[in-house]
There are 2 protein chains.
Amino acid sequence: MTDRVRVLLADDEHLIRGALAALLALEDDLAVVAEAASGPEALAMAAAHRPDVAVLDLQMPGLDGLEVAAELRHRLPECRVMIVTGHGRPGYLKRALEVGVRGFLPKTVSASDLAGIIRTVRAGGRYVDPELAAEAISAGDSPLTPRETDVLELAADGSSVAEIAERAALSPGTVRNYLSSAAGKLGAENRHAAVRIAREHGWL
Amino acid sequence: MTDRVRVLLADDEHLIRGALAALLALEDDLAVVAEAASGPEALAMAAAHRPDVAVLDLQMPGLDGLEVAAELRHRLPECRVMIVTGHGRPGYLKRALEVGVRGFLPKTVSASDLAGIIRTVRAGGRYVDPELAAEAISAGDSPLTPRETDVLELAADGSSVAEIAERAALSPGTVRNYLSSAAGKLGAENRHAAVRIAREHGWL
DNA sequence: ACGGGCCGATGACATTTGTCACCGCCGACC
DNA sequence: GGTCGGCGGTGACAAATGTCATCGGCCCGT
């Protein structure tokens with residue numbers, strides 16, 4: 001038998017991370033060699049312990065799971081990356097695949113499933129939760145241009161057009177044009193509904 | 001020694017719930033006698049197994065943790081209730097205490113802490129995470145009147161004043177008055193920023 | 001009995017936002 | 001070389017929103 005699969009576990013919730021580590025430790029072909037509670041810490045631990053598989057939570061302080069995945073791809077190309085997420089918004093899946101993530105699953109899977117998927121990924125396979133995949137396909141790509149997305153993002157906290165314009169270094173009129181266009185593409189009545197819709201699709 | 005503490009575990013994320021159950025099973029004075037993945041299921045399991053302590057996740061499908069806690073208080077008064085939450089917005093803590101919750105903690109606690117807190121609560125004690133408590137105190141009570149809160153809630157998805165008025169069975173002018181007043185009290189530039197602020201404080 | 005607060009409403013007004021047409025500049029693609 | 005799409009901008013107009021004063025009704029506390 002080969003060496004055990006070396007796993008890095010990153011999740012900001014100690015309770016979850018600890019519990020997960022304990023569960024995975026029960027599998028005798030898996031070894032949790034590092035744990036991290038934040039994005040930057042995950043990168044540091046990965047560099048130090050060179051795991052075979054990194055299991056990353058999507059929402060973490062500092063860098064989120066996707067950003068960590070993107071970094072790992074460059075710094076540690078031989079390390080396979082999996083993302084685990086609580087509420088799976090479709091857009092994230094697409095972005096995850098773009099940065100080379102091999103596994104994408106919701107936290108509703110069972111522990112034994114998780115262990116199995118870790119083995120699959122370790123062996124070079126991929127796994128995407130069927131339900132999340134279906135959502136992603138039905139949601140499709142964002143119809144927004146990069147700039148529209150930027151501006152919508154700046155509008156997300158309820159700022160006025162003037163504030164958005166200043167933060168984006170644009171003219172207020174241009175900002176309104178982008179917002180109007182974005183709302184139109186998303187079928188929203190106004191920019192705030194547009195923000196909500198874009199969020200739901202993971203386009204924000 | 002008395003019987004072991006009978007624990008009900010409710011969390012919609014199988015992975016977490018299973019992992020937690022496994023961890024708690026390692027404590028020889030605790031016994032996880034029931035698990036649930038939704039609010040209604042938690043109530044049913046509680047009725048069937050009459051646990052000593054119910055550990056509820058705050059966000060669950062169907063009924064959320066607070067609603068379950070409120071129901072349990074009536075149906076199973078001798079059952080102590082604890083709430084575990086990922087992102088702890090202050091207002092929830094206050095509402096939790098109002099419905100008789102004995103423990104309120106973030107998922108960043110360690111498993112051994114959780115076990116200890118379960119024992120504390122079982123013995124009639126209380127536990128509130130210090131950080132969440134501090135936030136709750138500094139956040140204080142909502143300055144909004146009940147009606148203002150209603151209307152702000154209806155505004156939360158980006159609806160227009162006309163839609164809100166219809167859904168609330170109010171005149172559009174009245175809706176604008178409430179929104180303006182709410183935004184003023186919250187120090188917001190407009191209702192959308194007001195929604196964000198109220199959300200952050202757990203007042204929504 | 002009175003004041004105060006919340007509720008619901010109206011009217012008026014200023015400001016913000018949404019929408020549209022149209023402009024020039026670029027870079028990509030055919 | 002021409003076309004198309006994204007980017008950034010202007011101007012104008014209509015619609016939605018925010019703000020304020022003011023009203024009446026109601027209930028609660030003193």
Side-chain angles (χ1 to χ4, degrees), chain A residues 91 94-95 98 139-204, chain B residues 91 94-95 98 139-204:
Chain A
K94 184 167 189 302
R95 278 192 271 161
E98 280 165 5
D141 279 10
S142 171
L144 305 177
T145 69
R147 220 66 185 106
E148 283 165 359
T149 306
D150 288 349
V151 173
L152 203 54
E153 212 154 334
L154 290 172
D157 62 348
S159 304
S160 68
V161 168
E163 284 173 313
I164 298 169
E166 197 178 354
R167 282 194 279 163
L170 286 177
S171 129
T174 303
V175 168
R176 285 194 292 169
N177 286 341
Y178 281 142
L179 290 175
S180 177
S181 148
K185 287 179 182 176
L186 297 177
E189 295 286 321
N190 55 51
R191 60 208 165 100
H192 307 288
V195 165
R196 185 178 50 77
I197 292 171
R199 279 245 168 84
E200 282 168 5
H201 289 286
W203 293 335
L204 200 65
Chain B
K94 184 167 189 302
R95 278 193 272 162
E98 279 166 6
D141 279 8
S142 170
L144 305 177
T145 70
R147 219 69 183 102
E148 284 165 357
T149 307
D150 289 348
V151 174
L152 204 55
E153 213 154 334
L154 290 172
D157 62 349
S159 305
S160 68
V161 169
E163 285 173 313
I164 297 169
E166 197 178 353
R167 283 194 278 164
L170 286 177
S171 128
T174 303
V175 169
R176 286 194 293 167
N177 286 340
Y178 281 141
L179 289 176
S180 177
S181 147
K185 286 179 181 175
L186 297 178
E189 293 288 321
N190 56 49
R191 62 208 161 102
H192 306 287
V195 165
R196 187 179 48 76
I197 293 172
R199 278 245 168 84
E200 282 168 4
H201 286 65
W203 292 334
L204 198 64

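Sequence lines set the chain letters: A, B, ... in the order given, protein chains first and strands last, and positions in each chain run from 1.
In this structure, A:H192 atom NE2 and C:dG18 atom C1' are separated by 11 Å, rounded to whole Å. Rounded to whole Å, atom P of D:dA12 lies 15 Å from atom CG of A:N177. Protein atom CD of B:E163 is 11 Å distant from nucleotide atom P of D:dA16, rounded to whole Å. Going from atom NZ of B:K185 over to atom P of D:dG18 covers 16 Å, rounded to whole Å. Summarising the geometry, the separation between CG on B:L144 and P on C:dC6 is reported as 11 Å, rounded to the nearest angstrom. Nucleotide C:dA9 holds its C1' atom 10 Å from the CG atom of B:L170, rounded to whole Å. Between B:R191 atom CZ and D:dT19 atom P there is a gap of 11 Å when expressed in whole angstrom units. Between the CD atom of B:E189 and the C1' atom of D:dT17 there is a distance of 14 Å, rounded to whole Å.
Within the 3.5 Å criterion, the main-chain N or O of B:S160 finds a donor-acceptor partner in the side chain of B:E163.
How far OG of B:S142 is from CZ of B:R95: 10.0 Å, rounded to the nearest 0.5 Å. For the atom pair A:R176 CZ and A:I164 CD1, the distance stands at 11.5 Å (nearest 0.5 Å).
Map A:E148 and B:L179 each onto its nearest nucleotide of DNA chain D; the residue landing nearer the 5' end is A:E148. Comparing B:P146 and B:R176 by the nucleotide of DNA chain C whose heavy atom lies nearest to each, the residue mapping closer to the 5' end is B:P146.
Among the protein residues, B:R147 comes within range of the sugar-phosphate backbone only, with heavy atoms under 4.0 Å from sugar or phosphate atoms but none that close to a base. Within 4.0 Å of A:T174, counting heavy atoms only, lies at least one base atom of the nucleic acid.
Taking side-chain N and O atoms only, B:S180 has a distance below 4.0 Å to OP1 or OP2 of D:dT19. In this structure, B:S171 reaches the C:dT10 phosphate: one of its side-chain N or O atoms is under 4.0 Å from OP1 or OP2.
When the nucleotides C:dT17, D:dG8, D:dT17 are ranked by their closest atom to the side chain of A:V161, C:dT17 comes out on top.
Other residues, nucleotides and ligands place no more than 12 heavy atoms under 6.0 Å from the CD atom of B:E189.
Of all the heavy atoms in A:L186 and A:P143, the pair that sits closest is CD2-CG, 4.0 Å.
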